[in-house]
Amino acid sequence: MIRNAQILDDLLNKAHDRGASVAGYLPAAALRDCPSARAAGPQGFSTFSGTIVVLGLYHDPAKPEMDWWEPGGSTPGDRMLRGISRELAAWLRETHGIEAKDIPYQVYDGGIYLKDAAVLAGLGCIGRNNLVITPGFGPRVRFRALWIDMEPEPPAPCPMAPPCEACNHPCETQCPMHALHEGRYSRARCMARMEADKAAPVEKSGTKGPIDHCRVCELACPAHRIP
Ligand code: SF4
Ligand code: SF4
């Protein structure tokens with residue numbers, strides 16, 4: 001394996017140049033025992049050597065279609081991230097001879113726990129709404145990752161204090177499912193809303209279109225909101 005912080009810095013710069021809003025890295029081994037793995041079992045991606053690079057894309061509330069789940073199981077925003085991830089992997093292989101690959105989005109498809117990875121990469125902190133709050137974009141960021149066969153470097157620390165203590169919790173009071181009651185996320189309640197969203201896709205020319213999942217707790221959050 002190659003230890004080379006310069007390559008990682010170049011990679012993050014390339015990620016930003018290609019359109020990523022945030023990017024960071026962490027040792028793949030850090031995900032073996034991350035909070036989601038402890039709570040929900042092992043992630044789909046089972047390589048715990050090398051480095052994970054986490055990419056994030058700002059999902060502008062003025063462009064809700066970036067977040068719409070389309071038949072086939074992806075969103076326009078996720079496809080943009082996948083394109084960036086594959087470009088970066090190709091650059092690593094061709095320029096440095098380093099093996100790299102895009103990681104599927106869904107845990108059940110071989111993916112990682114992306115929110116844990118983003119926090120461990122120093123990109124933000126988990127808010128009371130159970131989302132990653134990032135400096136600059138708040139919780140309005142979606143993530144994807146790639147794996148690279150490179151000895152890990154220590155990730156950058158998150159430069160932001162958690163914003164929730166000084167907030168009056170609109171995420172909680174506006175949640176239509178009371179899934180954030182007293183700051184505790186109820187996966188069951190939130191999932192019930194997700195299932196209802198799936199049953200009521202966006203209409204497109206009278207045919208079933210994409211699924212517009214609930215974002216109330218994300219869009220209500222004042223943290224780092226872009227005017
Ligand atoms: S709305 Fe307030 S309490 Fe909820 S996640 Fe955002 S900052 Fe934290
Ligand atoms: S996504 Fe919707 S249902 Fe789930 S916690 Fe957020 S506001 Fe509540």
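One-based numbering, in listed order, for ligands and for the atoms of each.
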Please walk me through it: do Ser74 and Tyr105 pass side-chain contact (heavy atoms from CB on, under 4.5 Å)?
CA-CA 9 Å; Ser74 74; Tyr105 178 77; over 6 Å; no

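- Looking only at heavy atoms of the protein, atom 2 (Fe) of ligand 2 is closest to Cys214 SG, 2.2 Å.
- Scanning all protein heavy atoms for the shortest distance to atom 4 (Fe) of ligand 2 gives Cys190 SG, 2.4 Å.
- Here is the list of ligand 1 atoms found below 4.0 Å of a heavy atom in Pro170: 1 (S).
- For atom 8 (Fe) of ligand 2, the N/O/S atoms of Cys171 include none lying under 2.8 Å.
- Using a 4.5 Å cut-off on side-chain heavy atoms (C-beta onward), His224 and Phe137 make no contact.
- With 2.8 Å as the limit, Cys164 counts as an N, O or S neighbour of atom 8 (Fe) of ligand 1.
- Taking atom 6 (Fe) of ligand 1 as the reference point, the nearest protein heavy-atom neighbour is Cys221 SG, 2.4 Å.
- For ligand 2, the atoms closer than 4.0 angstrom to any heavy atom of Val216 are 7 (S).
- For the residue pair Thr75/Asp67, the side-chain donor-acceptor check at 3.5 Å is not satisfied.
- Under the 4.0 angstrom criterion for non-hydrogen atoms, Pro222 is in contact with ligand 1.
- Annotation for ligand 2: atoms under 4.0 Å from non-hydrogen atoms of Cys175 are 3 (S), 5 (S), 7 (S), 8 (Fe).
- Side-chain contact between Lys14 and Leu12 is absent, with no heavy atoms from C-beta onward closer than 4.5 Å.
- Every atom of ligand 2 with a heavy atom of Met177 under 4.0 Å away is listed here by number and element: 3 (S).
- Distance check, rounded to the nearest 0.5 Å: CD of Gln174 to SG of Cys221 gives 10.5 Å.
- Among all non-hydrogen protein atoms, the one lying nearest atom 7 (S) of ligand 2 is Cys217 N, 3.4 Å.
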Do Ser85 and Arg144 pass the side-chain hydrogen bond (donor to acceptor under 3.5 Å, both in side chains) test, and can you show the C-alpha distance, the side-chain angles, and the key distance before you say yes or no?
CA-CA 8 Å; Ser85 173; Arg144 196 171 174 106; 5.0 Å; no

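- Listed by number with element, the atoms of ligand 1 under 4.0 Å from a non-hydrogen atom of Asn129 are 5 (S).
- Each of the atoms 7 (S) of ligand 2 lies under 4.0 Å from some heavy atom of Pro176.
- Residue contacts with ligand 2 include Met194, since one or more of its heavy atoms lies under 4.0 Å from the ligand.
- Under the 4.0 Å criterion applied to side-chain N and carboxylate O atoms, Glu218 and Arg140 are not assigned as salt-bridge partners.
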With salt bridge (Lys or Arg N to Asp or Glu O under 4.0 Å) as the test, would you mind laying out the steps for Arg82 and Asp102 before giving the verdict?
CA-CA 7 Å; Arg82 186 176 61 194; Asp102 175 59; 5.6 Å; no

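- Taking a cut-off of under 4.0 Å to the non-hydrogen atoms of His169, the atoms of ligand 1 that pass are 3 (S).
- When the shell of 6.0 Å around NE2 of His178 is examined, it contains 12 or fewer heavy atoms from other residues, nucleotides or ligands.
- Residues Trp68 and His213 keep their aromatic ring centres 6.0 Å or farther apart.
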